[in-house]
J.: 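Got a structure for you, written out below as structure tokens; questions coming shortly.
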Amino acid sequence: MKIALTLSGGGARCVAQLGYLEPLFELGIRPQAISGSSGGAIIGAFLAKGYTPKECLELIKNFPYGKISLNLFRGSLFDLGSIYEKLKALGLESFEELPIPFFATVTEYESGRTRYLHSGDLALSVLASCALIPIFAPITIDGIRYIDGGFTDNLPLNPIKKYPFRLSINVNPLHHLPFKKSFWGNLKRAGYIMLNANVRPSIPLATKHVQIEETGNFGILDTKHFDQIYAIGAKIAQKEMEYWHDCLRS
């Protein structure tokens, strides 16, 4: 069975998408096209390259995050450009070399326009999709500065609308979570409001939408709990195995 796949952004929480997909791969359900934003763009690019969900998990767990360079006093905390060669070394070279069509969602920094990149430098496009300002600096491609795709389309179903079966996986809680009444608590709530504002209209475009709420217990930069986050997605998938078996029978 072939599906078109959309993966939301969400930083480290996106590892839950891999946990959900692993049992589907075991059933022979594979993506024929992939669209991703931010952290979902990283995972989507690896899947489009041909890695399995478990292989993606190992790549993400072993990635040298300490190589991300500081960018203090220049508008952001970090510069993702410093890990460009690391991503290329893992096979993320160009869209054209991918066996599965892939779209990386980015936001034009100056205009705020959403773009779905699908040709050219793959590693650079993925980094642009993850450039969450002011944490990460914008990424420049062909003279245009781009920032995180999640700012304008964090569940990018538009690029895969032509495919008959569209699976979307969102790892950001849509429901209200308890937040501390503090500066950081308010900042976190503001982030969720922003993400939800552009996720909700996309959900009806999916044939099957998966909402993973429990990932809200982890931060977007939480690199210490990948196995736990992966297990959350796997647990949701196991609960929905009857649905996927019915799909295969139909």
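Fair warning: this is a prediction, and the values are worked out from it, not measured in the lab.
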J.: Is the side chain of S8 donor-acceptor paired with the backbone N or O of V171 at a distance under 3.5 Å, no angle test?
T.: yes
J.: Closer than 3.5 angstrom, by distance alone: can the side chain of R145 be matched with the main-chain N or O of E110 as a donor-acceptor pair?
T.: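 A pair under 3.5 Å: no.
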J.: Of I139, D142, L117, which meets side chain to side chain contact (heavy atoms under 4.5 Å, CB included) against L124?
T.: I139
J.: Please tell me if the side chains of I212 and R13 come closer than 4.5 Å, counting only heavy atoms from C-beta onward.
T.: no
J.: To the nearest 0.5 Å, what is the distance between OG (S125) and CG (L87)?
T.: 11.0 Å
J.: Suppose we screen for salt bridge (Lys or Arg N to Asp or Glu O under 4.0 Å). Which residues come up paired with R166, at least two apart in sequence or across chains?
T.: none
J.: Decide side-chain contact (heavy atoms from CB on, under 4.5 Å) for I203 and N170; before the verdict, give the C-alpha distance in whole Å, the side-chain angles of both, and the deciding distance to 0.1 Å.
T.: CA-CA 9 Å; I203 293 174; N170 182 38; 5.8 Å; no
J.: Ignoring hydrogens and geometry, is there a side-chain-to-backbone donor-acceptor pair from N154 to G9 under 3.5 Å?
T.: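 The answer is yes, because a donor-acceptor pair under 3.5 Å joins these two groups.
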J.: Are any of the side-chain heavy atoms of P159 and H118 separated by less than 4.5 Å?
T.: no
J.: Give, for atom OG1 of T140 and atom CG of L127, the distance between the pair rounded to the nearest 0.5 Å.
T.: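 The CG atom of L127 is 12.0 Å from OG1 of T140, to the nearest 0.5 Å.
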J.: Kindly give the heavy-atom pair with the smallest separation between P31 and I100, and that separation in Å.
T.: O-CD1, 3.7 Å
J.: Is I83 close to P64 at the side-chain level, that is, under 4.5 Å between some pair of heavy atoms?
T.: no
J.: With sequence neighbours left out, what residues match T215 under side-chain hydrogen bond (donor to acceptor under 3.5 Å, both in side chains)?
T.: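 Result, side-chain hydrogen bond (donor to acceptor under 3.5 Å, both in side chains) vs T215: none returned.
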J.: Hey, which of T105, T152, T107 is the one that makes side chain to side chain donor-acceptor pair (under 3.5 Å) with T114?
T.: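 Single side chain to side chain donor-acceptor pair (under 3.5 Å) partner of T114 among T105, T152, T107: T152.
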J.: Over all heavy atoms of both residues, which pair between P173 and Q211 is shortest? Give the atoms and the distance, please.
T.: CA-NE2, 4.0 Å
J.: With H245, which residues qualify under ring pair (Phe, Tyr, Trp, His ring centres under 6.0 Å), at least two apart?
T.: none
J.: Strictly by side-chain hydrogen bond (donor to acceptor under 3.5 Å, both in side chains), give each pair with a member in residues 21-34 just once, sequence neighbours left out.
T.: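 Applying side-chain hydrogen bond (donor to acceptor under 3.5 Å, both in side chains) to every pair that reaches into residues 21-34, excluding sequence neighbours, yields nothing.
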J.: Which heavy-atom pair separates Y51 from L90 by the least distance, and what is that distance?
T.: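 In terms of heavy atoms, the two residues are closest at OH-O, 2.8 Å.
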J.: Give me the atom names and distance for the closest heavy-atom approach of F151 to I133.
T.: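 Scanning both residues completely, I find the closest heavy atoms to be CZ-O, 3.6 Å.
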J.: Under the salt bridge (Lys or Arg N to Asp or Glu O under 4.0 Å) definition, can you give me all pairs with a residue in residues 66-85, not counting sequence neighbours?
T.: none
J.: Sequence neighbours excluded, which residues qualify as ring pair (Phe, Tyr, Trp, His ring centres under 6.0 Å) partners of Y65?
T.: F63
J.: Sequence neighbours excluded and cut-off under 3.5 Å, please list the side-chain donor-acceptor pairs for residues 37-47, or say none.
T.:
| from | atom 1 | to | atom 2 | distance (Å) |
| --- | --- | --- | --- | --- |
| S37 | OG | G150 | N | 3.1 |
| S37 | OG | D153 | O | 3.3 |
| S38 | OG | D148 | OD1 | 3.4 |
| S38 | OG | D148 | OD2 | 2.7 |

J.: Run F102 and K49 through side-chain contact (heavy atoms from CB on, under 4.5 Å) and show every step you take.
T.: CA-CA 9 Å; F102 171 65; K49 179 66 180 177; over 6 Å; no
J.: Distance check, rounded to the nearest 0.5 Å: N62 atom CG versus F226 atom CZ?
T.: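 Nearest 0.5 Å value for the CG-CZ distance: 10.0 Å.
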J.: Does atom OH (Y109) have a neighbourhood of more than 12 heavy atoms from anything else shown, all under 6.0 Å?
T.: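 No, the 6.0 Å shell around OH holds no more than 12 heavy atoms from other groups.
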J.: Scan for salt bridge (Lys or Arg N to Asp or Glu O under 4.0 Å) pairs involving residues 56-66, sequence neighbours excluded, and state none if there are none.
T.: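 Matches after skipping sequence neighbours: E58-K61, K61-D227.
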J.: Compare all side-chain heavy atoms of I236 with those of V210 and state whether any distance is below 4.5 angstrom.
T.: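 They are in side-chain contact.
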J.: Which pairs pass salt bridge (Lys or Arg N to Asp or Glu O under 4.0 Å) with one or both residues in residues 233-244, sequence neighbours excluded?
T.: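 Listed once each, the pairs are K208-E240, E214-K235.
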J.: Mind checking the CD1-CD1 spacing from I34 to I3? Nearest 0.5 Å is all I need.
T.: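 Separation between the atoms: 8.5 Å.
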J.: For residues Y116 and P156, determine if any side-chain heavy atom of one lies less than 4.5 Å from a side-chain heavy atom of the other.
T.: yes
J.: State, to 0.1 Å, how close C247 and F165 come at their nearest heavy-atom pair, and which atoms those are.
T.: SG-CE1, 4.2 Å
J.: State, with a plain yes or no, whether a side-chain heavy atom of I160 is found less than 4.5 Å away from one of T6.
T.: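 Yes. Closest side-chain heavy atoms under 4.5 Å.
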J.: Identify, with sequence neighbours excluded, every residue that meets ring pair (Phe, Tyr, Trp, His ring centres under 6.0 Å) alongside H209.
T.: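 Listed in chain order: nothing, the list is empty.
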J.: Taking the side chain as everything from C-beta on, heavy atoms only, tell me whether L21 gets closer than 4.5 Å to I169.
T.: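 A side-chain contact under 4.5 Å exists here.
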J.: Given the rule in the side-chain contact (heavy atoms from CB on, under 4.5 Å) test, do L248 and I29 qualify, once you have shown the distances and angles that lead to the verdict?
T.: CA-CA 9 Å; L248 290 172; I29 300 172; 4.0 Å; yes
J.: Would you say NZ of K86 has more than 12 non-hydrogen atoms from neighbouring residues, nucleotides or ligands within 6.0 angstrom?
T.: no
J.: Distance from S168 atom OG to L155 atom CG, nearest 0.5 Å?
T.: 4.5 Å
J.: Y20 and I232: side-chain contact (heavy atoms from CB on, under 4.5 Å), yes or no, with the steps?
T.: CA-CA 8 Å; Y20 187 91; I232 290 170; over 6 Å; no
J.: Output side-chain donor-acceptor pairs under 3.5 Å for residues 91-99, partner residues at least two apart or in another chain, one line each.
T.:
| from | atom 1 | to | atom 2 | distance (Å) |
| --- | --- | --- | --- | --- |
| S94 | OG | E97 | N | 3.4 |
| E96 | OE1 | G120 | N | 3.3 |
| E96 | OE2 | G120 | N | 3.2 |

J.: Which residues pass the ring pair (Phe, Tyr, Trp, His ring centres under 6.0 Å) test with Y146, not counting sequence neighbours?
T.: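 For Y146, no residue satisfies ring pair (Phe, Tyr, Trp, His ring centres under 6.0 Å) once neighbours in sequence are set aside.
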J.: Which heavy-atom pair separates Q17 from L7 by the least distance, and what is that distance?
T.: OE1-CB, 3.6 Å
